[in-house]
Amino acid sequence: LIPLDEHRRWYRYHHLFAELLRLELTNREPELVPVLHRRAAAWHQRTGDVEAAIYHATAAGEFTEAAALIGSHWLSYTRQGRVATVERWLRGLPEDAIAADPPIAVVAAYVGGLRGASKQEGERWLAAAEANGNQRPPEGMRSVSFAVAMGRALHAFDDVGRAVQAARRAIELAGPEPSENHSMATAALGRNLYLSGQAAEARAALGEVARDMPPADKQPFVEVNTFALLSLLAGEDGDDATAATLARQAMETAEAEGVSFSPLSGIAYFALARVAIRRGGLVEAEQLLERALPVLGVDSVLVQYAQALLELAGVRHARGDTEGADAAVKRARELVTGFADPGMLPSLLDGTERALRRAPRGQPSPAALTDREHRALAGLSMGGGQTLNFGLGHLDTFAWIGAFSSAPNTRPPAELVPDPAAAKAKLKLLYLSCGNKDGLINISQGVHVYLKERDVPHIWNVDDEGHTPKTWASNLYHFAQRIFR
């Protein structure tokens with residue numbers, strides 16, 4: 001016997017001797033084996049040893065009991081960074097038992113996404129959960145329907161638009177009152193809006209979560225993602241001090257809660273890398289991004305993986321590593337072109353590829369690029385109206401157009417874009433913005449609605465400003481980020 005505590009109250013057999021006894025029992029009284037496993041499962045459940053109870057219930061063939069235990073404890077284990085343990089529990093269950101149990105099917109989809117399962121496999125489990133009706137929800141979830149929506153919202157895979165819609169559905173199912181479920185869904189919406197290029201809406205959603213942040217030990221991924229994404233947004237607005245503080249908070253939470261190597265925490269490395277880039281720490285940024293890639297290297301967060309590749313390409317290019325930059329952007333291009341809905345990545349890819357054509361730091365610059373695809377036009381207020389008038393009227397000259405708070409000199413939308421198909425084919429980026437306190441918002445709003453109805457790709461950004469320099473500076477920054485990458 002081997003003692004397990006200093007008071008010698010708990011013992012176990014040496015593992016070799018224990019194995020010998022199990023073999024002897026199996027040979028002599030095989031019918032007794034499942035009986036003893038059932039007794040052990042019941043005893044361990046009474047004493048609070050969940051892992052042992054699940055092991056013995058599974059070994060006894062009591063899959064319904066094992067599934068109930070998994071459904072009641074999976075989330076707390078996952079939030080402690082013990083996803084592999086939950087995955088091991090699920091491997092002990094037959095596939096038909098998982099498919100017939102909606103809460104466990106949801107757990108299988110959630111855990112599978114974190115452990116590298118494909119979109120098809122995850123969707124198979126979520127569809128099984130939906131098809132089997134309303135049963136008890138898995139731990140930490142308001143309902144099975146909410147859990148299914150959250151599974152699709154958290155694991156965007158290659159479809160940002162679907163993830164946005166799933167997050168909105170999860171918010172509806174969470175109910176209007178503040179709750180852990182509402183925070184989870186709103187944080188997921190903020191992340192997906194950011195990935196879709198809707199910065200203002202993302203900031204609003206994430207700000208709501210930050211104002212009523214759940215405890216980190218209860219919702220570590222909510223805190224990590226909220227701080228990291230707000231850091232990225234603060235940096236894009238030029239607030240480097242806030243960006244640095246939030247990025248550090250995100251990583252500190254991930255490390256303190258033991259989830260720094262979870263795919264859902266990969267965004268923290270990305271945020272820290274952006275902070276390092278802004279202060280000139282290119283070597284540190286490259287190291288952080290190279291650490292982020294293995295963390296993000298599962299199908300469920302492939303959009304963020306591609307974004308990290310593009311950021312890494314830019315850093316390597318700035319450091320003079322042309323070969324490494326080309327390799328990173330090549331891999332990102334392969335991914336982005338295969339995505340169902342890549343969100344903002346196509347514009348980031350275009351910008352990164354243009355940046356790679358410029359000479360790295362310290363090398364002679366090539367001749368200026370003067371063709372249509374490298375020419376942009378932007379303006380604010382009356383200049384915004386003229387930008388739309390001249391830019392959209394001369395798509396053989398301009399491929400990148402940005403109009404901020406456009407004034408009444410803007411032509412009617414049907415005159416601006418008489419041929420939506422041609423606009424789709426020729427525009428690299430059409431960026432529209434206006435503050436919701438601006439009395440002229442109806443002008444830009446009308447252009448946005450016209451374009452949306454005719455499926456002309458564009459960015460429509462609405463913030464909480466009026467007709468002021470603050471909104472113009474912010475949106476010019478966002479426009480420039482997309483055309484000068």
Side-chain angles (χ1 to χ4, degrees), residues 150 152-168 170-171 183-211 213 221-239 242-243 246-247 249-250 254 263-275 277-278 289 292 296 300-311 332 336 339 341-349 351-352 429 431 433 457-464 474-475 477-482 485:
M150 276 304 303
R152 291 177 177 137
L154 285 173
H155 300 326
F157 287 101
D158 66 343
D159 195 336
V160 175
R162 188 185 85 144
V164 169
Q165 294 304 313
R168 294 193 192 280
I171 290 173
S183 295
M184 290 168 59
T186 307
L189 177 62
R191 184 201 67 173
N192 296 331
L193 287 170
Y194 173 80
L195 293 174
S196 70
Q198 300 177 67
E201 293 91 334
R203 185 181 291 103
L206 295 165
E208 178 185 337
V209 177
R211 286 190 293 273
M213 185 76 76
F221 298 120
V222 168
E223 184 164 313
V224 171
N225 276 265
T226 299
F227 285 152
L229 289 161
L230 286 174
S231 168
L232 293 172
L233 291 166
E236 291 173 5
D237 287 340
D239 189 350
T242 299
L246 290 169
Q249 283 182 290
L264 294 179
S265 297
I267 190 71
Y269 297 93
F270 189 87
L272 283 172
R274 277 277 181 89
V275 170
I277 291 168
R278 282 187 165 80
L289 290 167
L296 294 169
S300 61
V301 290
L302 215 50
V303 171
Q304 289 175 287
Y305 180 84
Q307 185 186 16
L309 280 172
L310 292 173
E311 196 78 16
V336 172
F339 286 165
D341 180 352
M344 66 176 177
L345 290 186
S347 63
L348 295 181
L349 175 61
T352 302
L429 173 66
Y431 186 107
S433 72
H458 65 288
I459 290 175
W460 170 231
N461 190 38
V462 179
D463 56 31
D464 293 326
S474 173
N475 283 285
Y477 174 84
H478 290 304
F479 180 68
Q481 288 291 301
R482 288 167 170 79
R485 287 182 64 84

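Keep in mind it's a predicted model, so treat the numbers as computed, not measured. The basis for the numbers below is simple: all heavy atoms, side chains too, and nothing from hydrogens, waters or symmetry mates. In this chain, residues are counted from 1 in sequence order.
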Check your understanding: Does D341 reach the main-chain N or O of R162 with its side chain, forming a donor-acceptor pair under 3.5 Å?
Key -> no
Check your understanding: Is there a donor-acceptor pair closer than 3.5 Å between any side-chain N or O of N475 and the backbone N or O of S433?
Key -> no
Review point. Among all residues two or more places apart in sequence or in another chain, which pass the salt bridge (Lys or Arg N to Asp or Glu O under 4.0 Å) test with R203?
Key: D237
Revision key, fill the gap. Salt bridge (Lys or Arg N to Asp or Glu O under 4.0 Å) filter on D158, not counting sequence neighbours, yields K119
Does the side chain of [X] reach to within under 4.5 Å of the side chain of [Y], using non-hydrogen atoms?
X: F270; Y: Q304; answer: no
X: V164; Y: R168; answer: yes
X: I459; Y: R482; answer: yes

So how far is it from [X] [atom1] to [Y] [atom2], rounded to the nearest 0.5 Å?
X: L309; Y: L348; atom1: CG; atom2: CG; result: 12.5 Å
X: S183; Y: E223; atom1: OG; atom2: CD; result: 11.0 Å
X: L349; Y: Q307; atom1: CG; atom2: CD; result: 12.5 Å
X: N192; Y: D159; atom1: CG; atom2: CG; result: 10.0 Å
X: S300; Y: L264; atom1: OG; atom2: CG; result: 7.0 Å
X: D463; Y: E201; atom1: CG; atom2: CD; result: 10.0 Å

Looking at every heavy atom in both [X] and [Y], which two are closest together, and how far apart are they?
X: A188; Y: A167; answer: C-CB, 4.1 Å
X: A202; Y: G190; answer: CB-O, 3.4 Å
X: A243; Y: G235; answer: CB-N, 3.7 Å
X: R191; Y: N225; answer: CD-OD1, 3.9 Å
X: L296; Y: A308; answer: CD1-CB, 4.2 Å
X: V209; Y: A187; answer: CG2-N, 3.7 Å

Practice item. Report the C-alpha separation of M344 and Y194 in whole Å, then their side-chain angles, then the decisive distance to 0.1 Å, and conclude whether the side chain to side chain contact (heavy atoms under 4.5 Å, CB included) test is met. Key: CA-CA 8 Å; M344 66 176 177; Y194 173 80; 3.7 Å; yes
Can you name the residues that form a side chain to side chain contact (heavy atoms under 4.5 Å, CB included) with [X], not counting sequence neighbours?
X: A271; value: A228, S231, L232, A247
X: A200; value: N461
X: P342; value: V336, F339, L345, P346
X: L206; value: T226, L229, L230, L233

Practice item. State which residues pass side-chain hydrogen bond (donor to acceptor under 3.5 Å, both in side chains) with T186; sequence neighbours excluded, sorted by chain then number. Key: H182
Check your understanding: Who passes side-chain hydrogen bond (donor to acceptor under 3.5 Å, both in side chains) against Q198, sequence neighbours left out?
Key -> S196
